[in-house]
Amino acid sequence: MKLKQIVKELGLEVVSKVFNLDTDIVDGYASDLLSDVIANAKKDSIWVTLQIHQNIIGVAVLKELAGIIIVNGRKPETETLKKAEQENIAVMVTELPAFEIIGKLYGLLKGLSYSG
Amino acid sequence: MLRAFKADLHIHTSLSPCADEEMFPGKIIEQAKMNNLDIIGICDHNSSENVVATQKIGHKSNIAVIGGIEATSQEEVHILALFDDLQELLSFQEIVYDKLPGFNDEKVFGKQLIINDNDEVTGYNCRLLIGATSLSLQKIVETIYLLGGLSIASHIDRKSFSIIAQLGFIPEELLFDALELSPNYQNQMSSFSEMMINQELYGFPLVTFSDAHFLRDIGKSLTIFFIEEASIKEIKKALSGKDGRKVIT
């Protein structure tokens with residue numbers, strides 16, 4: 001599924017000015033420990049976290065992730081957005097807590113139905 | 001005159017909810033003396049309320065006590081902030097308290113005892129000291145720098161509350177004075193920790209302290225500074241290799 005379709009379906013707000021919303025998303029990963037994301041996330045995944053520190057962009061570049069969803073209405077730091085735009089990493093925000101957005105995302109990517 | 005000072009700058013007292021309730025200032029100084037330490041640092045979680053009592057007792061036993069706080073950033077990274085001047089430390093404490101939400105539940109997290117220089121319990125801190133502040137790592141390190149303190153990233157080899165675990169790597173613009181390795185790093189030299197202790201990788205000086213939560217752990221890991229007197233000013237010089245000051249181990 002294309003990233004732009006996920007953005008639309010989940011009502012995400014894309015907060016970094018990027019042009020790569022056509023990436024095909026095959027998988028997702030959820031973690032707030034960046035060391036864990038470095039160890040375990042797979043390429044072209046979408047990453048769900050509450051961390052807003054600029055290092056999330058470094059990790060996304062390193063692991064060739066397709067984009068980052070920041071949960072719970074948290075806003076990325078200015079430096080984070082700057083880096084995201086330099087590296088062309090899509091940063092999206094949602095007001096939903098992690099549990100809910102991950103549930104919806106899983107439904108979308110794995111083709112399961114969900115209510116609400 | 002320059003000489004070697006044995007320093008363990010990361011010791012908790014019974015103010016930290018996770019520390020042993022035996023960690024009273026007088027007992028800490030006794031233990032430091034037994035282990036021939038010259039300098040200790042008192043760094044409780046997000047508070048410095050047992051610093052003055054420990055300094056008073058340390059003074060009598062000829063052990064230099066540097067006051068500090070182990071602050072928790074919003075990324076849940078632990079940072080040691082140590083100051084020569086009590087006013088600087090109190091200013092830092094005020095900034096931390098202002099951004100530290102919640103109240104402690106001692107049944108869940110442990111007691112937060114405030115002790116005087118006679119080793120008597122005089123009160124309890126009711127804040128959620130085990131919690132995280134809403135201050136960013138960047139902001140904390142900057143604040144320590146501006147107040148003239150020493151900032152050290154805590155136990156970077158640990159899997160919890162360390163900058164490496166939480167943030168994956170150390171952003172180069174952070175003005176840390178040093179990175180701390182925990183006492184365990186010698187025993188578990190995985191390829192990961194080998195990478196960690198490669199100083200050139202990060203370009204920060206490395207130190208090691210005990211992070212003692214129990215009396216028996218005080219001095220378990222220490223760093224020897226070749227300096228003129230027990231102060232942050234001198235330790236900073238040693239860390240940057242200025243004026244003949246240096247870190248010996």
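Lettering follows sequence order; numbering is per chain, from 1.
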Considering residues, nucleotides and ligands other than B:F109, do more than 12 of their heavy atoms fall under 6.0 Å from its CZ?
yes
Rounded to the nearest 0.5 Å, how far does CD of A:Q54 lie from CG of B:L137?
9.5 Å
Atom CG in A:D32, atom CD in B:E75: separation rounded to 0.5 Å?
11.5 Å
Honestly, the part of A:L50 sitting under 4.5 Å from a heavy atom of chain B is neither
Just by distance, do the side chain of A:N55 and the backbone of B:F169 share a donor-acceptor pair under 3.5 Å?
yes
Got a sec: does the CD of B:E94 have more than 12 other heavy atoms crowding it under 6.0 Å?
no
If you round to the nearest 0.5 Å, how far is NZ of B:K159 from CG of A:D36?
11.5 Å
Report yes if the side chains of A:I52 and B:Q74 come closer than 4.5 Å at any heavy-atom pair, otherwise no.
yes
Heavy-atom check, side chain of B:S136 versus side chain of A:H53, under 4.5 Å
no
For B:E172, which atoms come within 4.5 Å of any heavy atom of chain A: side chain, backbone, both, or neither?
neither
List the steps and the verdict of side chain to side chain contact (heavy atoms under 4.5 Å, CB included) for A:Q51 and B:L167.
CA-CA 9 Å; A:Q51 291 280 10; B:L167 294 180; 4.3 Å; yes
Under 4.5 Å from any heavy atom of chain B - which part of A:E79:
neither
Region of A:L33 in contact with chain B, defined by heavy-atom distances below 4.5 Å
both
Measure across A:S35 and B:A165 and return the closest heavy-atom pair with its distance rounded to 0.1 Å.
OG-O, 2.6 Å
